[in-house]
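These notes are about the structure you will find just below.
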Amino acid sequence: MPTYDFREIENRWQANWEADGIYRVSNPGDPDFDETKRKLYILDMFPYPSGAGLHVGHPLGYIGTDIFSRYHRMRGANVLHPMGFDAFGLPAEQYAVDTGVHPRVTTEKNLENYTRQLKAFGFSYDWNRSFATTDPEYYRWTQWIFLQLFESWFDKEQQKARPIAELVSELEDGLRDADGVAWMNLPEDDRRTYLDSQRLAYIDEVPVNWCPALGTVLANEEVTAEGRSDRGDHPVYRRPLRQWMLRITAYADRLIDELELVDWPESVRTMQRNWIGRSEGAHIVFPIKGNLHLRVFTTRPDTVFGATYMVVAPEHPIVDEITPPTWPDGTKPKWTLGIDDPRTAVEAYRLAASRKSELDRQVEDREKTGVFTGAYATNPLTGERIPVFVADYVLMGYGTGAIMAVPGQDQRDWEFAEAFDLPIVRTVQPPKEFSGEAYTGAGPAINSGFLDGLDIETAKEKTIRWLEINGHGEGTVTYKLRDWLFSRQRYWGEPIPILHGPNGELRPVPDEELPLRLPEVEDFRPHASSDENAEPTPLLAKAPDEWKFVEIDGVTYTRELNTMPQWAGSCWYYLRFLDPRNEDALVSKEAEKYWMGDVGVDLYVGGVEHAVLHLLYARFWHKVLYDLGHVSTPEPFGRLFNQGYILADAFQDERGIYVPADEVVRDGDVYLYQGKPVTRVYGKMGKSLKNSVNPDDIFEEYGVDTLRLYEMFMGPLDTSRPWSTRDIVGTHRFLQRLWRNFIDEDTGEILVSEEHATGDLQVLLHRTIAAVTKDMDDLHFNTALARLFELNNALVALPLVPSDVADVFPRLLSPLAPHISEELWSRMGKEGSVVVASWPTYDADLIAEDMATMIVQVNGKVRDRIEVPVTITESEAVAIALASERVLAHTNGAEPRKVIARLPNILSIVV
RNA sequence: GCCCGGGUGGCGAAAUCGGCAGACGCGACGGACUUAAAAUCCGUUACCCGCAAGGGUGUGUGGGUUCAAAUCCCACCCCGGGCACCA
């Protein structure tokens with residue numbers, strides 16, 4: 001059929017490519033491996049296959065990486081471009097809870113649908129390398145990595161992970177001791193406890209976010225600001241629980257410092273630094289009375305002379321010990337909440353604070369509340385007695401849960417001091433023009449004894465030295481980053497391969513028994529409860545006894561019943577793609593060395609929502625594997641690129657409920673849904689806004705190539721852009737026009753001449769090659785397309801396409817629109833597939849200009865444009881310009897006072 | 001409040017080593033073809049004044065640097081995302 005039958009063309013070529021295995025990539029050691037090619041690893045953040053299927057917003061980045069991969073294949077690279085699925089997770093489990101359908105069944109169905117949809121885009125993935133994190137052959141190695149963490153400790157001197165066996169031998173040899181106790185003097189049980197406390201994977205009793213309604217514990221980052229669950233919006237309570245933790249904090253410095261090694265957006269690196277939150281400062285000990293003292297962390301030890309009171313978090317354990325039965329002399333009325341004794345007052349405040357920590361805390365905004373404990377501490381530098389308050393603006397989870405308050409240099413402390421009538425002493429001299437309250441800027445120290453006159457940095461150092469010499473504290477570094485809570489009480493995750501002995505001993509499941517498969521359970525409902533005091537129970541407690549209990553050498557062990565979080569599987573999938581069927585290792589040394597090369601993944605593309613968590617966790621695991629010698633690069637992802645989102649109009653009815661956007665009709669200025677007016681809003685395309693557009697529908701109407709081109713033509717890859725189905729016709733028309741330029745629609749004849757292009761068309765051809773090549777390198781696919789549009793438009797008036805244009809055009813277009821390019825290539829009788837054709841080159845001499853347009857400015861305004869030879873000299877240019885009538889009209893013949901020449905483009909005359 | 005992005009025609013956007021603002025596309029308008037419509041092809045399309053030639057204005061706002069600013073500097077406004085009494 002001579003007209004552009006995109007459906008037939010696209011289906012046929014996708015089938016051919018698959019049959020030919022044209023996107024299959026071989027590894028070092030394979031018979032067809034070509035070691036002369038340079039390697040390029042181009043990776044997408046793999047998707048979670050949800051039940052809703054893909055919408056046109058998902059594949060934006062995938063189209064970009066596909067184009068980049070195809071381009072570099074044509075430039076001779078050996079491109080690894082894989083795709084897989086992050087398939088453990090709560091949605092399938094919750095579906096199982098609701099319907100009883102096994103998560104495996106749901107997941108397999110979704111995987112199939114996602115694979116079908118992704119294949120329909122014509123992506124050049126090597127599907128032979130695909131896997132899902134739920135495959136036992138994959139999670140076998142996820143479990144193996146966990147055991148590597150379990151069997152390792154962090155050597156602070158060497159700043160790296162080492163096998164725990166090396167720690168044991170150093171302890172046995174007396175090269176180290178266990179927290180000051182010699183190994184030989186330590187009883188067996190204590191040795192075990194000590195070792196367990198040193199592991200990178202360890203168990204700790206930590207406060208967790210317990211969500212009874214979900215029957216599970218949530219990570220901090222999964223809890224909303226309102227103290228409710230991110231998923232489901234259920235109430236969340238904080239309670240202590242024994243949990244597996246991963247010691248990511250040991251890597252805090254390296255995770256910051258080694259950001260220097262990667263080519264990432266500066267914004268993402270900044271976000272990671274902020275998340276880790278390294279701050280240097282000091283611990284300072286404030287005596288209270290007897291043996292009691294309050295230890296605080298401060299980033300501003302230089303301001304200690306201005307510490308006029310202290311604040312501890314409501315949850316701080318010292319509060320009970322320091323609060324006296326009666327108010328001491330000098331207690332101001334506004335410090336007491338109007339209550340007769342300190343203990344009652346503090347209890348009342350704590351109760352109010354614990355309630356507030358949920359919803360009200362936000363509402364209450366900035367007003368400072370607190371209560372005096374009735375206790376005084378002594379400022380070790382001034383020797384003054386200063387009151388100790390309880391206030392909820394200090395958090396138990398950061399630093400030591402206590403602060404020295406320096407109202408002169410901290411605005412929150414200033415506000416509190418004003419509210420409670422506490423003294424304010426400036427210890428840094430603000431500039432004269434400063435009119436604010438707390439002053440945090442630079443300046444000389446004042447009111448600070450031996451620090452007076454020093455700048456902040458010097459004063460910090462001197463204070464720390466004083467503290468250390470006098471035993472009142474020491475310089476220290478703290479981090480916002482906390483260890484990674486790694487246990488989930490869910491079913492649909494990787495089982496943690498640990499056995500618990502009768503005396504609390506931890507025994508790893510031997511490597512040869514991996515994978516430890518998920519046991520079958522009959523019912524997936526967690527012990528959900530509306531009782532906030534309900535005990536958390538892992539779902540695997542429902543597994544059969546023969547799974548849960550293991551007898552070894554006459555000892556009965558209980559299996560760990562927690563599973564891993566969804567992050568686990570996505571922490572290392574990029575390594576498995578290198579060697580996905582390896583049964584002896586997570587990746588072979590040769591494959592790892594070849595594909596990771598010097599910088600790791602050469603281009604990693606995904607949404608900015610993963611800027612912190614996923615990328616930080618993956619970097620952490622990678623560094624552990626690096627330390628233990630399993631990988632050869634210090635960083636996993638050499639270059640990161642964040643693609644934008646597809647945005648779309650969404651519509652809300654009068655109750656604020658989203659209505660299906662595709663059923664909304666426009667009537668003049670108003671939008672109607674089922675006859676009722678709705679409000680138009682705008683946001684990220686997705687299920688929650690009910691504004692998804694299904695790619696299947698677009699393929700049906702316009703074809704795959706059109707959709708690929710449209711998504712790329714909308715704008716630069718890294719910005720978000722609004723979906724507009726109306727605009728798709730632009731790229732569709734481009735393809736139809738291209739078709740008609742090459743194919744006679746009546747006869748099906750190829751409209752290509754024997755002749756080469758000449759004159760302007762030849763120049764345009766070579767300029768187009770140059771421009772598209774540069775745009776491809778820069779991931780500027782929108783402008784690459786614009787150049788191809790221009791070349792296409794230039795062909796419309798010609799009866800036949802010149803042979804060199806015909807030879808080049810499908811190759812330039814093929815990364816962007818592979819199907820039509822392959823069809824034209826094939827119809828012209830070209831040898832082989834366009835997929836493996838070489839990228840066109842251009843003749844630099846042809847695109848060199850000999851004439852240029854010279855802009856003539858008079859007093860900064862453009863007054864004339866004159867065609868001049870590119871070799872024009874300044875005196876010639878001035879002579880020509882001053883003779884121009886348009887210039888004369890503005891110079892009135894006056895002599896130039898000044899001439900700036902950027903020849904041949906600019907001549908700027910000042911008169 | 002803090003941090004990170006971003007504000008350019010009716011719309012999506014080009015142009016960022018400081019050197020022609022608006023490439024390319026959508027839409028709109030006019031024309032050709034057609035019995036007609038669709039499709040296709042040709043043209044116009046930042047705004048204001050002007051018949052025209054031409055002139056003026058213009059890249060969120062106000063200043064500044066410069067022969068020259070979308071681009072650099074200062075202050076502010078708005079939109080999006082992230083974090084939040086983090087000491």
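By convention in this document, chain letters (A, B, ...) are assigned in the order of the sequence lines, proteins followed by strands, and residues within each chain are numbered from 1.
- Shown here, B:rG9 is classed syn by the O4'-C1'-N9-C4 or O4'-C1'-N1-C2 angle, which is within 90° of 0.
- Counting distance only, with no hydrogens placed and no angle test, the side-chain atoms of A:Ser267 and the base atoms of B:rC4 include no donor-acceptor pair under 3.5 Å.
- Across every strand in view, B:rG12 sits in a pair with B:rC24 that passes the Watson-Crick or G-U test at under 3.5 angstrom.
- Across the strands present, B:rU65 finds no partner; the criterion is a Watson-Crick or G-U wobble pair with both atom distances under 3.5 angstrom.
- A donor-acceptor pair under 3.5 Å is absent between the side-chain atoms of A:Gln272 and the main chain of A:Ile256, judged by distance alone.
- Contact annotation for A:Ser724: no contact, since no heavy-atom pair falls under 4.0 Å across all strands.
- Distance noted for atom C1' between B:rA28 and B:rG10: 8 Å (whole Å).
- When the P atom of B:rC24 is taken as reference, atom CG of A:Asp775 falls 15 Å away, rounded to whole Å.
- Counting only N and O atoms by type, the side chains of A:Thr299 and A:Glu280 include no donor and acceptor under 3.5 Å apart.
- Closest contact between the side chain of A:Val394 and the listed nucleotides B:rU57, B:rA87, B:rC24 involves B:rA87.
- Across all strands, A:Phe713 comes closer than 4.0 Å to base atoms (heavy-atom distances).
- Closest to the side chain of A:Arg886, from the set B:rC24, B:rA14, B:rG54, is B:rG54.
- Using N1 to N3 plus N6-O4 or O6-N4 for Watson-Crick, or N1-O2 and O6-N3 for G-U wobble, each under 3.5 Å, B:rA36 pairs with nothing.
- Counting non-hydrogen atoms under 4.0 angstrom, A:Pro716 reaches the backbone sugars and phosphates but no base.
- Across all strands shown, A:Asn793 has heavy atoms under 4.0 Å from sugar-phosphate atoms exclusively, and none from any base.
- Checked against B:rG25, B:rC4, B:rG19, the side chain of A:Thr270 finds its nearest nucleotide in B:rC4.
- No side-chain donor-acceptor contact under 3.5 Å links A:Glu790 and A:Thr768.
- Atom CZ of A:Arg863 and atom P of B:rG54 are 12 Å apart (whole Å).
- Base pairing of B:rC76: its partner is B:rG60, meeting the Watson-Crick or G-U wobble criterion (both donor-acceptor distances under 3.5 Å).
- The listed nucleotides are B:rC41, B:rG19, B:rA21; the one nearest the side chain of A:Arg737 is B:rC41.
- When each of B:rA23, B:rC41, B:rC20 is scored by its nearest atom to the side-chain atoms of A:Ile855, the top-ranked nucleotide is B:rC20.
- Relative to the side chain of A:Arg733, the nucleotides B:rC26, B:rG19, B:rA14 differ in distance, and B:rC26 lies closest.
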What do the steps show when you test A:Phe420 against A:Tyr309 for ring-ring contact (aromatic ring centres under 6.0 Å, His included), and what is the final call? CA-CA 11 Å; A:Phe420 288 86; A:Tyr309 65 101; 8.4 Å; no

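- When each of B:rC26, B:rA13, B:rG19 is scored by its nearest atom to the side-chain atoms of A:Arg902, the top-ranked nucleotide is B:rG19.
- Minimum atom distance to the side chain of A:Arg740 is reached by B:rC41, of the listed B:rC20, B:rC41, B:rA23.
- Side-chain contact check for A:Ile900 versus A:Ile906: every heavy-atom pair is 4.5 Å or farther apart.
- Residue A:Asn274 places none of its side-chain N or O atoms closer than 4.0 Å to OP1 or OP2 of B:rG82.
- Checking B:rC26, B:rC67, B:rA15 against every side-chain atom of A:Thr783, the shortest atom distance belongs to B:rA15.
- Distances from the side chain of A:Gln736 to the nucleotides B:rG19, B:rU57, B:rU40 place B:rU40 closest.
- With no hydrogens or angles considered, a side-chain donor-acceptor pair links A:Asp864 and A:Ser884 at under 3.5 Å.
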